[in-house]
Visitor: 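Let me give you the structure first, and then I'll get to my questions.
The sequence lines fix the lettering, A, B, ..., with proteins before strands; numbering per chain opens at 1.
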Amino acid sequence: MVRSDKLDDLYQELILDHYKNPRNRHYIEEADIKAEADNPFCGDEIALQLKLANSHVGEVGYQGKGCSICRASGSMLSEAVVGRTLEEIEELAATFKGMMRGRELSKIDTETLGELKVFLDILKYPIRIKCALLAWVALEEGIQKFRSRA
Amino acid sequence: MTNSAASKSVAERPPLIQDIARIREDFPILKQTVHGKPLVYLDNAATTQKPQVVIDTLVRYYTTENSNVHRGVHYLSEQATQDYESARTKIRRLLNASDDCEIIFTRGATEGINLVAHSYGRQHIGEGDEIIISAMEHHSNIVPWQILCQEKGARLRVIPINDDGELLMDDYAKLLGHRTKLVSIVHLSNSLGTINPIEQIVEMAHSYGVPVLVDGAQAVPHLPVDVRRLGCDFYVFSGHKLFGPTGIGAVYGRAELLDSMPPYQGGGDMIKSVTFEKTLYNSLPYKFEAGTPNIAGAIGLGAAIDYFTALELDKICAYEHELLKYGTKRLSTIGSLRLIGTAREKAGILSFVIEGIHAHDIGTILDSEGIAIRTGHHCTQPVMDRFGVPATARASLAFYNTKADIDALVKGLDRVLEIFS
């Protein structure tokens, strides 16, 4: 069967791999930052836990239910944030959201995003953009809450 | 019509499959390609496509007749009024109501339920009273009652369903009582396809003197509906699910009940006379139709009803039942697929989940094959919770669908499985 190029863009190996083999699935009870988000329209649900080591994220836990895009996005997020400071993570989240809103990427943006650029192709499927964003929105809220507590 | 009655008419009068090709010609949208593939439209429970005659009627109305109804003495207004009112008569005949005054135009089924909740509900439901709905209701038949219950301190009771998606009638019997003030129930479930035993439901409610509203949004395009035989007190439906335009629908209400009810909205057309001291309300059905109505929509719906009834409903039922049987059989061959909604009395809906693949991924991949289905909770989140799934994929049928459409769906699902293998 010949696949249309467009569909291949959406269901790239990297996304399917993260969907089928999500990373960092363990739950971190004693996390510094806990965040949850859902999209009742799709039935997507995700939960994130971040444990800080000094000023950096040392460990991430991520659990998700939902479509391939949402789950792959959460899984890739969990890999991307490890080793970064909260400021760097917020910057990354802003860049990722910018990309998903169709903002043109600078060379620096491209470098910052790394593998996360794979989600650029989802812009061709407007209805699925929110699936890619769910984990990032939760992450930002989690960080904000953590800051307001501190 | 029940399935057994549908099967009987299959035997007596087999639907002419070759006619379907001709019928499809009446629907211009079906001729197009999507992503380079012929469109396979299997989202009829969301909205149905419009035959050319409905589209032409809208164009004709705006081209030659556009004016306001019930006001002008001029030619155009008289023409528009006549066509608008004749659409009402067509609805009355379709539902076999006794009088045109029992048909109130609304924006659709949702507004119909809100009208009854707002007018009848506020008048008759008070603190400690109970409203009975079922576990398979569309959000539009849950939320208006929740709002009313909150306002009045009343309580919403829910008839549970079994694993096939059928109402537990014994539980319904137990819920009915002296506190019950209204039963509001779906005729044909949009997410499960279940056909509910309305006559029995009404009889049981009436034995307590409780009126029944029936949500017929899905039933009217697929089943014969006779409000007098059903015995229901209110019946609501949407035009756009009946091959008509969006933004138009109707409420049937027993004249005696409608007469005793306060208006739904205030404005023009619903009044006889207005002074700053007092307003005299108009007679039925105008009392419930404030403001300039969706005239073009009503006339377009009239054209859709003419088209639909000319196809002969028993033939449509029998044909759709055959399609449903075929679809059920074909989908059952996919091992990881589970059908949600397997009631004995069922029509037109194939709702399913595939293990390990989210409905939205199924929907996107099918879309790339030109196949339109609905994915999500179908505005029936409690149904999703009942079956323990976040969402389903739903193929919903109309008389213009064919076995080839089902075959395309199955082939598309093969592709889904291939990508996610």
Side-chain angles (χ1 to χ4, degrees), chain A residues 1-22 25 36-47 62-76 100 118-135 138, chain B residues 33-37 43 46 139 142-143 191 336 340 351-394 408 410-421:
Chain A
M1 209 179 290
V2 184
R3 282 189 201 171
S4 68
D5 294 334
K6 207 175 145 191
L7 200 63
D8 273 344
D9 291 342
L10 181 66
Y11 293 108
Q12 293 183 51
E13 287 301 326
L14 189 60
I15 287 178
L16 286 173
D17 178 45
H18 275 269
Y19 172 62
K20 290 173 191 166
N21 313 296
R25 285 177 74 179
E36 284 173 15
D38 68 340
N39 181 345
F41 174 73
C42 315
D44 290 345
E45 284 173 27
I46 70 113
Y62 151 74
Q63 304 80 39
K65 278 202 304 196
C67 74
S68 59
I69 307 302
C70 173
R71 285 168 60 174
S73 177
S75 174
M76 289 178 71
M100 297 315 292
V118 72
F119 289 98
L120 191 58
D121 288 308
I122 287 162
L123 290 181
K124 294 173 207 160
Y125 298 84
I127 198 128
R128 306 298 294 275
I129 291 172
K130 63 184 182 329
C131 308
L133 284 173
L134 189 68
Chain B
T33 57
V34 169
H35 307 310
K37 312 273 170 64
D43 195 15
H139 294 166
I142 302 173
V143 183
S191 52
S336 51
I340 305 288
S351 216
F352 58 90
V353 292
I354 297 180
E355 211 184 308
I357 309 175
H358 191 273
H360 280 188
D361 291 316
I362 298 174
T364 298
I365 297 169
L366 290 179
D367 174 63
S368 74
E369 298 291 315
I371 303 165
I373 60 155
R374 171 85 185 264
T375 59
H377 54 58
H378 319 294
C379 297
T380 56
Q381 278 183 304
V383 173
M384 301 296 114
D385 293 343
R386 169 63 179 79
F387 287 92
V389 296
T392 75
R394 179 190 69 187
V410 172
K411 205 172 150 198
L413 290 174
D414 283 344
R415 176 127 197 253
V416 172
L417 295 171
E418 179 199 307
I419 290 176
F420 279 90
S421 61

Visitor: Strictly below 4.0 Å, N to O, side chains only: are B:Asp361 and A:Arg71 in salt-bridge contact?
Guide: no
Visitor: Is chain A contacted by the side chain of B:Thr392, its backbone, both, or neither, given a heavy-atom distance below 4.5 Å?
Guide: neither
Visitor: For A:Tyr11 and B:Thr364, work out which heavy atoms get closest and say how close.
Guide: OH-CB, 3.7 Å
Visitor: What's the shortest heavy-atom distance between A:Tyr19 and B:His358, and which atoms?
Guide: OH-N, 3.9 Å
Visitor: Not counting sequence neighbours, list each pair that qualifies as a salt bridge (Lys or Arg N to Asp or Glu O under 4.0 Å) and has a residue in residues 372-382 of chain B.
Guide: none
Visitor: Would one find more than 12 heavy atoms of other residues, nucleotides or ligands at under 6.0 Å from atom CD of A:Glu36?
Guide: no
Visitor: Indicate whether the side chain of B:Asp367 and that of A:Tyr125 have a donor and an acceptor atom separated by less than 3.5 Å.
Guide: no
Visitor: From B:Ile365 CD1 over to A:Ser68 OG, what is the distance, rounded to the nearest 0.5 angstrom?
Guide: 7.5 Å
Visitor: Does any part of the side chain of A:Ile69, heavy atoms only, come nearer than 4.5 Å to the side chain of B:His360, both counted from C-beta?
Guide: no
Visitor: Could you tell me whether the side chain of A:Lys65 and the main chain of B:Pro390 form a donor-acceptor pair under 3.5 Å?
Guide: no
Visitor: For A:Asp38, enumerate each residue passing the side-chain contact (heavy atoms from CB on, under 4.5 Å) test, keeping only those at least two apart in sequence or located in another chain.
Guide: A:Pro40, A:Glu45
Visitor: Which pair of non-hydrogen atoms, one from A:Leu16 and one from B:Ile419, has the smallest distance, and what is that distance?
Guide: CD1-O, 3.7 Å
